[in-house]
Colleague: 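Please find one structure pasted underneath; my questions will follow.
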Protein chains: 2
Amino acid sequence: MPSNIYSNTDKILIAVDCIIFGFDKGALKILLIKRDFEPELGKWSLMGGFLKEEENLDEAAIRILYDLTGLRTIYMEQLYTFSKVDRDPVARTLSVAYYALIDIAMHDKELIQNHSAQWFSLDKAPDLIFDHNKMVEKAIARLKRRALSKPIGFELLPPKFTMRQLQKLYESILNKKLDKRNFINKINSFGILVRLDEKDTNASKKGAYLYTFDKVKYDEKVLEGFNFKI
Amino acid sequence: MPSNIYSNTDKILIAVDCIIFGFDKGALKILLIKRDFEPELGKWSLMGGFLKEEENLDEAAIRILYDLTGLRTIYMEQLYTFSKVDRDPVARTLSVAYYALIDIAMHDKELIQNHSAQWFSLDKAPDLIFDHNKMVEKAIARLKRRALSKPIGFELLPPKFTMRQLQKLYESILNKKLDKRNFINKINSFGILVRLDEKDTNASKKGAYLYTFDKVKYDEKVLEGFNFKI
DNA sequence: TCAAAAGTGTTCTGTTTACACCCATGG
DNA sequence: CCATGGGTGTAAACAGAACACTTTTGA
């Protein structure tokens with residue numbers, strides 16, 4: 001901490017920007033908004049806002065995400081603080097990036113449309129303003145690391161899902177094809193899934209078993225971590 | 001980014017606090033300073049300072065660390081941004097924590113003494129001001145993760161070191177005893193060490209071979225990462 | 001001569017990988 | 001009746017874990 005006094009030090013604006021991940025139709029997506037204000041009006045950017053005097057960063061991130069999606073109890077984590085001096089052309093601003101995982105089916109679609117926001121597959125996302133591309137890159141790397149060390153899926157999938165959906169989620173996060181049998185053996189070895197007596201016949205004639213997460217065991221595994229390595 | 005204008009938003013002080021790790025006599029240590037100013041005069045804290053208008057966070061962290069240790073080319077990484085509203089009783093302040101790895105033998109001892117700073121073994125460190133204990137905790141967890149996924153030691157050990165020193169370093173980071181033979185086999189499988197024709201006879205009568213890192217292969221492994229798992 | 005640290009390989013066990021066929025059903 | 005996606009097991013290769021004795025030499 002300081003060896004000078006607080007009074008003659010520089011105060012700076014703090015932005016919070018959110019990388020919001022969702023999963024839909026077998027692909028990992030991010031939520032972007034089209035800016036309706038200067039600078040960079042009309043360009044795509046992450047959802048963000050400024051930190052207020054009376055809240056901490058987590059609270060700011062939750063508030064900002066709620067304003068856009070209407071969702072409150074979702075998974076969010078602080079990612080990194082970006083501080084390049086000229087990162088924002090208008091004023092010196094630090095931005096603390098957060099990433100969030102949400103179930104696309106749960107969000108408030110109207111809210112999102114009112115913000116002229118849109119979901120983009122990772123490989124089809126447009127160029128973003130400022131240093132937002134870097135933020136997204138870092139968030140993807142973090143998500144990948146997380147997927148390899150802890151269970152993931154509860155936050156991104158609907159309450160009931162098929163084994164194939166879960167595999168596709170992992171494939172799109174890790175960005176590689178996985179072997180069906182090895183994936184199932186591995187995921188079952190963690191004991192975090194419950195197979196229901198229901199089938200989903202949307203994708204196949206035979207129908208695929210639906211699963212849910214055993215939330216107790218899931219949370220245990222989140223705490224202790226594991227080595228996915230597949 | 002903002003959906004309001006920049007002008008009526010809150011500006012906030014940004015501190016940068018550094019968790020400085022060193023390794024000496026078989027134990028992992030951190031560098032702490034005794035505060036000679038209010039608030040919390042006389043208590044132990046991390047080394048820190050405030051971000052200036054014309055620098056980014058990495059630059060601030062480097063500057064602050066140089067002021068204390070006289071070292072410039074060391075390993076530093078941003079850890080996390082702490083933002084509890086009342087974390088600093090004097091003013092609303094965000095603190096961006098950085099952690100650094102340095103070779104204890106290389107630093108400027110006088111500089112450190114002039115700052116009334118001192119090295120503490122992790123288990124003997126005093127209570128720290130504000131949220132600095134939390135910062136240290138998080139830094140240790142990060143260092144642990146790093147040691148399991150990338151080579152570590154170049155930054156913390158002297159240029160020549162024994163296999164036993166390297167093992168002790170891992171043991172003190174991972175906080176558990178490792179099997180001597182398994183450790184050597186594993187570390188050799190990475191091909192990042194060069195055995196010299198010199199021996200160190202400080203610790204034993206027989207003398208232990210000295211090693212250096214093959215910096216090229218070391219850096220390759222830093223980039224690609226590995227799975228230590230031992 | 002003995003105490004203290006250094007050096008060195010093998011076996012066993014568990015995990016990861018690669019791989020192919022039958023099933024159910026709607027169109 | 002056949003195209004489409006769903007479900008299932010095993011063997012080979014590899015990586016991790018456990019483990020004990022000999023060497024050197026200064027005191």
Side-chain angles (χ1 to χ4, degrees), chain A residues 25-27 147-151 157-158 160-172 174-212 221 224-230, chain B residues 25-27 144 147-151 157 160-172 174-212 221 224-230:
Chain A
K25 300 195 183 66
L148 293 172
S149 64
K150 290 177 182 151
L157 293 171
K160 295 175 184 180
F161 52 90
T162 66
M163 197 56 98
R164 193 47 53 97
Q165 277 177 286
L166 184 61
Q167 185 179 338
K168 291 254 184 203
L169 171 61
Y170 271 87
E171 288 182 339
S172 53
L174 303 179
N175 201 22
K176 69 174 176 185
K177 280 255 165 294
L178 301 177
D179 178 90
K180 179 164 61 161
R181 276 172 295 186
N182 291 343
F183 179 80
I184 291 171
N185 289 158
K186 187 74 178 191
I187 214 83
N188 278 334
S189 76
F190 297 140
I192 56 175
L193 290 183
V194 181
R195 186 161 95 174
L196 304 177
D197 276 334
E198 273 174 88
K199 288 201 166 199
D200 170 283
T201 50
N202 288 322
S204 89
K205 292 144 189 180
K206 185 180 177 182
Y209 282 107
L210 285 167
Y211 289 79
T212 55
K221 289 288 177 190
E224 78 188 58
F226 57 56
N227 201 354
F228 197 79
K229 200 177 200 183
I230 201 170
Chain B
K25 300 197 183 65
K144 205 174 281 195
L148 292 173
S149 64
K150 290 176 181 153
L157 292 171
K160 297 174 183 181
F161 52 89
T162 65
M163 197 55 98
R164 193 48 52 99
Q165 277 177 288
L166 184 61
Q167 184 179 339
K168 291 255 184 201
L169 171 61
Y170 271 86
E171 289 182 338
S172 55
L174 303 179
N175 201 22
K176 68 172 175 184
K177 279 256 165 293
L178 301 177
D179 178 89
K180 179 165 59 160
R181 277 171 293 185
N182 290 343
F183 179 80
I184 291 172
N185 291 157
K186 187 76 179 189
I187 213 84
N188 279 333
S189 76
F190 298 140
I192 56 175
L193 289 184
V194 181
R195 186 162 95 174
L196 304 176
D197 276 334
E198 272 174 87
K199 289 200 164 198
D200 171 284
T201 51
N202 289 322
S204 89
K205 292 145 189 178
K206 185 180 177 184
Y209 281 108
L210 285 168
Y211 290 79
T212 55
K221 289 289 178 191
E224 76 189 60
F226 57 55
N227 201 353
F228 197 80
K229 200 178 198 182
I230 200 170

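Below, chains carry the letters A, B, ... as their sequence lines are ordered, and counting in each starts from 1.
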Colleague: Quick one: sort the F190(B) and F226(B) rings into parallel, tilted or perpendicular, breaks at 30° and 60°.
Modeller: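 F190(B) vs F226(B) ring planes: parallel.
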Colleague: Looking only at side-chain atoms of N185(B), point me to the closest of dG9(C), dA6(C), dA18(C).
Modeller: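 The nucleotide sitting nearest to the side chain is dG9(C).
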Colleague: With distance as the sole criterion, do the side chain of R181(B) and the base of dA6(C) form a donor-acceptor contact below 3.5 Å?
Modeller: no
Colleague: Heavy atoms from C-beta onward define the side chain here; which of dC19(D), dC19(C), dG6(D) lies closest to that of R164(A)?
Modeller: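 Nearest to the side chain of R164(A) among the choices is dG6(D).
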Colleague: Using side-chain heavy atoms (C-beta onward) and a distance below 4.5 Å, is K186(B) in contact with F228(B)?
Modeller: yes
Colleague: Need one value for K180(A): base, sugar-phosphate or nothing, where a base atom within 4.0 Å counts as base even if backbone is also close, heavy atoms only.
Modeller: base
Colleague: So what does K229(A) hit on the nucleic acid, given a heavy-atom distance under 4.0 Å: a base, only sugar-phosphate, or nothing?
Modeller: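 Sugar-phosphate only.
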Colleague: Looking at K199(A), I want to see if its NZ is surrounded by more than 12 non-hydrogen atoms of other residues, nucleotides or ligands under 6.0 Å.
Modeller: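 Check passes, neighbour count above 12.
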Colleague: At under 4.0 Å, does any side-chain N or O of K205(A) touch on OP1 or OP2 of dA3(D)?
Modeller: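 For K205(A), the contact criterion (side-chain N or O under 4.0 Å from OP1 or OP2 of dA3(D)) is not met.
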Colleague: Counting only distance, no hydrogens or angles, is the base of dG26(D) paired donor-acceptor with the side chain of K206(B) under 3.5 Å?
Modeller: no
Colleague: Thinking salt bridges, do E171(B) and K176(B) make one under a 4.0 Å N-O criterion?
Modeller: no
Colleague: Taking OP1 and OP2 of dT8(D), is either one under 4.0 Å from a side-chain nitrogen or oxygen of R195(A)?
Modeller: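 Answer yes for this pair, as a side-chain N or O of R195(A) is under 4.0 Å from OP1 or OP2.
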